[in-house]
Amino acid sequence: MFKKILIANRGEIACRVIKTARRMGIATVAVYSDADRDALHVEMADEAVHIGPAPAADSYLAAEKIIAACKETGAQAVHPGYGFLSERASFCEALEAEGIIFIGPKPKAIRAMGDKIESKKFANAAKVSTVPGFLGVIEDGAHAERIAGEIGYPVMIKASAGGGGKGMRIAWDETEVRDGFERARSEAKNSFGDDRVFIEKYIVDPRHIEIQVLADAHGTTLYLGERECSIQRRNQKVVEEAPSPFLDAATRRAMGEQSVALAKAVDYQSAGTVEFIVDRERNFYFLEMNTRLQVEHPVTELITGIDLVEQMIRIAAGEKLALAQADIKLNGWAVESRLYAEDPYRNFLPSIGRLTRYRPPVEGKSGEAIVRNDTGVYEGAEISMYYDPMVAKLCTWAPTRLQAIDAMSDALDGFTVDGIEHNVPFLAALMRHPRWREGRLSTGFIAEEYPDGFAPMAPTDEEAAILARVSLSTHLVDAERRANHVDRLRPTMPARRDWVVKIGDAYHALTAGDAVAADWRPGQSVWRGEIDGRRLTAQLRPFANGLRIDWQGLSVRTRVFTPRLAELDALMPKKLPPDTSKMLLCPMPGLVVSIAVSEGQEVKAGETLAVVEAMKMENVLRAERDLTVGSIRAKPGESLAVDAVIMDFA
Ligand code: ADP
Ligand code: ADP
Ligand code: MG
């Protein structure tokens, strides 16, 4: 076994690999860029080597610096995590040339599977069911049109070198194919430095289901069941689970056996994932193979009890797998939610900044459930613009799917993140979404269920009643403490029976008997208690004379009044939020690239108004309705704060 390994990655996955290595008694070396001097993975590792400036191209992607760090520290092997150098065959070869072991598959397998066209050819040869399509490079628009006609519409145009949900587009007819082909090709060239695109059938309303495989260097190849990743936003995974609520034993086995056949065909060693899409009739089609540890691997670990990182390390060290297919038992259910630094209320725009508060739920057993949180940050850490905006992967396990979902719901309710915008409210809303709970999924789920994006939800009457009781309960605890400690010298007020709690704009009449006992103390940001036999976890954020409560994706402002004060409050003039419907606001801090309209111009819905660059992405701001441009308040080249007015409308 290795004595020391280097982890050529950062963030949660570097921390996750370090944990297993430490448990196995292997010393660990972290690498870090300028932006990660104070990062958690640096602190967790036994040693750390600085490898350059923040941009990944100059640090985490600089193979020669990683190799130099191995030599400097005497690391015998490298775990690449996911992303960065994890699927670069040339990196494995460069390590091999130095006598350093790559903890992953051999370069030949990475090459064979790293290219979507090549991997489909391998899959066909291994008799794996693939998406119907053309396995060659498309030459030009006319060629694209002919091929699409043969396949039948709709089709998907994909970059052969694509990944991360990028470089693919759907075409429903000839014009879209011609257009889409040209754009896909130039996008592929720009994003992946490789302009080869191909066309395959677009499977309507599929599920994304993938098989985890594990293979050693001695001829044993196993499948560890599946993960379903149909909850996606723009072809990127958001929530994953294992097993899939859709597969029966026969389909699972057929998919597993085909995945093993494919892995064997490329002499695969290490952990890998074979991705499929599955249609309503449970026909499954190979998409691609990812020759690395997958982001969502924890859900497989939770239902199989197998540590995939440990297996990868053992396989790389030349050990034989100590498991046989018959040993792989799927136990219970696991769900993973990806916590992203993004604003769910503003079309999921990335958000950066310092985590002024970061309090994940407690890991480990919670009743019958298990909570696991894979993270690479801590309170006070910075989410920078340079890397992946993922903050944490929150996972829950329980004996059944609904129990695992409820455990996730509770864990999300107790997860406090302040300082950046994040998608916890969206994830919390997803967990209660009836269609998700029923397991009626497809990759179109989010687009279908949230066609206009995710908007703040209003509580139902029943929910408002629950929130009113939480608010009153904390108020009474606060009042009692104040009576005992702060206002000791004042005559005590008689215990009051009647109270009015304002939730948003509505008044709820309660009595002191509606308050519930909970072991909450003033100052605590998470409230846990039981209301009408239902356990609940809510987050509290005080504001002037009131309390904001976040629960299950709801966020409400509450205030507690005596009946008389409530009457007076109702007479107060209402402060209306400024009317921003006649303004174009900058949706994120950024740089104005261009203003596409002039004052007085009439614009149709959907037309471009301005382009703003943020986090190296150009964001096109479009007219939401037909309108006439009033005055323009920003100039190209100007950098704007969030909500700065770019222009107003007549
Ligand atoms: P990437 O390398 O970016 O992960 P994939 O080929 O794995 O690309 O596809 C990512 C996602 O795009 C899939 O999970 C699925 O939702 C969607 N997708 C890809 N190909 C098709 C297809 N032929 N039909 C329908 N959806 C597809
Ligand atoms: P269906 O999928 O058959 O339309 P659902 O009961 O899943 O039925 O959802 C009905 C609609 O209600 C959906 O279109 C969805 O947008 C909305 N919806 C349901 N639950 C939630 C929730 N928790 N948050 C936001 N919207 C929801
Ligand atoms: Mg994929």
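One-based numbering along the sequence shown. Counting starts at 1 for both ligands and their atoms, in listed order. All values derive from a computational prediction rather than experimental measurement.
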Residue, atom name and distance, where the atom is the protein heavy atom closest to [atom]:
{"atom": "atom 4 (O) of ligand 1", "result": "E288 OE2, 3.0 Å"}
{"atom": "atom 26 (N) of ligand 1", "result": "Y202 CE1, 3.6 Å"}
{"atom": "atom 21 (C) of ligand 1", "result": "M156 SD, 3.2 Å"}
{"atom": "atom 3 (O) of ligand 1", "result": "G165 N, 2.5 Å"}
{"atom": "atom 2 (O) of ligand 1", "result": "K116 NZ, 2.5 Å"}
{"atom": "atom 24 (N) of ligand 1", "result": "I203 N, 2.9 Å"}

With heavy atoms of [X] as the reference, note each atom of ligand 1 found under 4.0 Å away.
{"X": "I277", "answer": "21 (C), 22 (C), 23 (N), 24 (N), 25 (C)"}
{"X": "N235", "answer": "11 (C), 12 (O), 16 (O), 17 (C)"}
{"X": "K158", "answer": "6 (O), 19 (C), 20 (N)"}

- What do the steps show when you test R435 against E448 for side chain to side chain contact (heavy atoms under 4.5 Å, CB included), and what is the final call? CA-CA 11 Å; R435 186 174 149 192; E448 286 158 25; 2.9 Å; yes
- Where the closest heavy atom to atom 16 (O) of ligand 1 is concerned, which of H208, Q232, R234 has it?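 Heavy atom nearest to atom 16 (O) of ligand 1 belongs to Q232.
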- Task: Report the member of D205, I199, V204, L287 with the shortest heavy-atom distance to atom 13 (C) of ligand 1.
- Result: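 Looking at heavy atoms only, L287 sits closest to atom 13 (C) of ligand 1.
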Backbone N/O of [Y] and side chain of [X]: donor-acceptor pair under 3.5 Å:
{"X": "Y387", "Y": "A54", "result": "yes"}
{"X": "D115", "Y": "E118", "result": "yes"}
{"X": "R227", "Y": "P243", "result": "no"}

- Going through the distances and angles, do I405 and E241 end up as a side chain to side chain contact (heavy atoms under 4.5 Å, CB included)? CA-CA 10 Å; I405 292 173; E241 64 183 308; 5.7 Å; no
- Task: Step through the shown structure and confirm whether more than 12 heavy atoms of other residues, nucleotides or ligands are within 6.0 Å of CZ on R253.
- Result: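 Atom CZ in R253 is not packed in, count stays at 12 or less.
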- Answer yes or no for M168: is there a heavy-atom contact with ligand 1 below 4.0 Å?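 True for this residue.
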- Is the closest heavy-atom distance from Q236 to ligand 1 below 4.0 Å?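 Contact absent.
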- Task: Salt-bridge test for K106 and D267: reply yes if a basic N is under 4.0 Å from a carboxylate O, no otherwise.
- Result: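 The answer is no: the pair does not qualify as a salt bridge.
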- Message: Please determine whether a side-chain nitrogen of the Lys or Arg among D140 and R146 lies less than 4.0 Å from a carboxylate oxygen of the Asp or Glu.
- Response: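 A salt bridge is absent here (no side-chain N lies under 4.0 Å from a carboxylate O).
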- Euclidean distance, Y223 OH relative to M255 CE, rounded to 0.5 Å: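 Answer for the CE-OH pair, M255 versus Y223, is 11.0 Å.
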- Atom pair CG/CZ of L412 and F426 - distance to nearest 0.5 Å: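 So the CG of L412 and the CZ of F426 are separated by 12.0 Å.
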- Query: Using a distance threshold of 2.8 Å, what protein N/O/S atoms lie below it relative to the Mg ion (ligand 3)?
  - Reply: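 Less than 2.8 Å away from the Mg ion (ligand 3) sit E275 OE1, E288 OE2.
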- Task: Would you sort out whether I209 and T251 count as a side chain to side chain contact (heavy atoms under 4.5 Å, CB included), showing the intermediate values?
- Result: CA-CA 11 Å; I209 301 178; T251 314; over 6 Å; no
- Item | Summary of ring pair (Phe, Tyr, Trp, His ring centres under 6.0 Å) pairs that have at least one residue in residues 150-208, sequence neighbours excluded |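 Not a single pair qualifies under ring pair (Phe, Tyr, Trp, His ring centres under 6.0 Å).
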